[in-house]
Amino acid sequence: MKNMGNMMGMMKKAQKMQSDMKKMQKELKKLTFTGEAASGAVKAEINGEGYLKALDINEDLVVAEDKEDLEDLVIVAVNNAKDALNNHVETKTNEIMGGLQLPAGMNLPF
């Protein structure tokens with residue numbers, strides 16, 4: 001019977017984690033993440049789902065840089081914003097999981 005109690009406790013914890021993950025995903029949709037390149041001369045904003053919302057390019061770059069360099073800076077800024085999103089998700093997931101190690105190949109949300 002003791003094992004049954006442990007199993008029930010684990011099931012409740014798993015259900016709470018799943019609920020917390022869904023809540024985090026809902027909250028994530030409201031957030032914006034910013035990435036920069038060239039000391040802020042190019043800025044990209046993405047939403048919590050990873051889609052580009054805004055792009056700001058310092059007008060000096062349009063004149064001073066060639067097209068290929070500017071495109072590279074935009075890619076860097078967008079990737080930096082995506083990294084900020086991924087770091088946020090990882091931090092929140094670790095908080096929810098409370099250090100619980102999942103078996104290899106098992107990912108959240110369930």
Between Val74 and Leu55, is the side chain to side chain contact (heavy atoms under 4.5 Å, CB included) condition met? List the steps. CA-CA 8 Å; Val74 169; Leu55 180 63; 4.1 Å; yes

Hey, are the side chains of Asn47 and Lys29 touching, using non-hydrogen atoms and a 4.5 Å cut-off? no

Quick one: CG on Asp83 to CG on Asn87, what's the gap to the nearest 0.5 Å? 6.5 Å

Nearest non-hydrogen partners of Ala44 and Ala81, listed with the distance: O-CB, 3.8 Å

Check the pair Val42 / Glu36 against side chain to side chain contact (heavy atoms under 4.5 Å, CB included), numbers first and verdict last. CA-CA 6 Å; Val42 176; Glu36 298 182 357; over 6 Å; no

Between Glu27 and Lys30, does any NZ, NE, NH1 or NH2 come within less than 4.0 Å of an OD or OE carboxylate oxygen? no

Distance in Å, Glu45 CD paired with Leu31 CG, rounded so as to fall on 0.5 Å steps: 12.0 Å

If hydrophobic clusters are built by linking Ile, Leu, Val, Met, Phe, Trp and Tyr wherever their side-chain heavy atoms come under 4.5 Å apart, do Leu52 and Val76 end up in the same one? no

Under a 3.5 Å threshold, yes or no: a donor from one side chain and an acceptor from the other, between Thr34 and Lys43? no

Between CD on residue Gln25 and CD on residue Glu49, distance to nearest 0.5 Å: 10.0 Å

Quick one: do Met24 and Tyr51 end up in the same hydrophobic cluster if we chain Ile, Leu, Val, Met, Phe, Trp and Tyr together by side-chain heavy atoms under 4.5 Å apart? no

pair Ile46-Thr32: side-chain heavy atoms closer than 4.5 Å: no

Which distance, rounded to the nearest 0.5 Å, do you find between the CE of Met97 and the CG of Asn94? 8.5 Å

Taking the side chain as every heavy atom from C-beta outward, state whether Leu85 and Leu28 have any atom pair closer than 4.5 Å. yes

Can you check side chain to side chain contact (heavy atoms under 4.5 Å, CB included) on Leu73 and Ile57, steps first, answer last? CA-CA 9 Å; Leu73 291 174; Ile57 301 172; over 6 Å; no

A side-chain contact here means heavy atoms from C-beta on lying under 4.5 Å apart; do Asn79 and Ile75 qualify? yes

Are Phe33 and His88 close enough, and set up right, to give a side chain to side chain contact (heavy atoms under 4.5 Å, CB included), and what steps lead you there? CA-CA 9 Å; Phe33 299 88; His88 178 83; 3.5 Å; yes

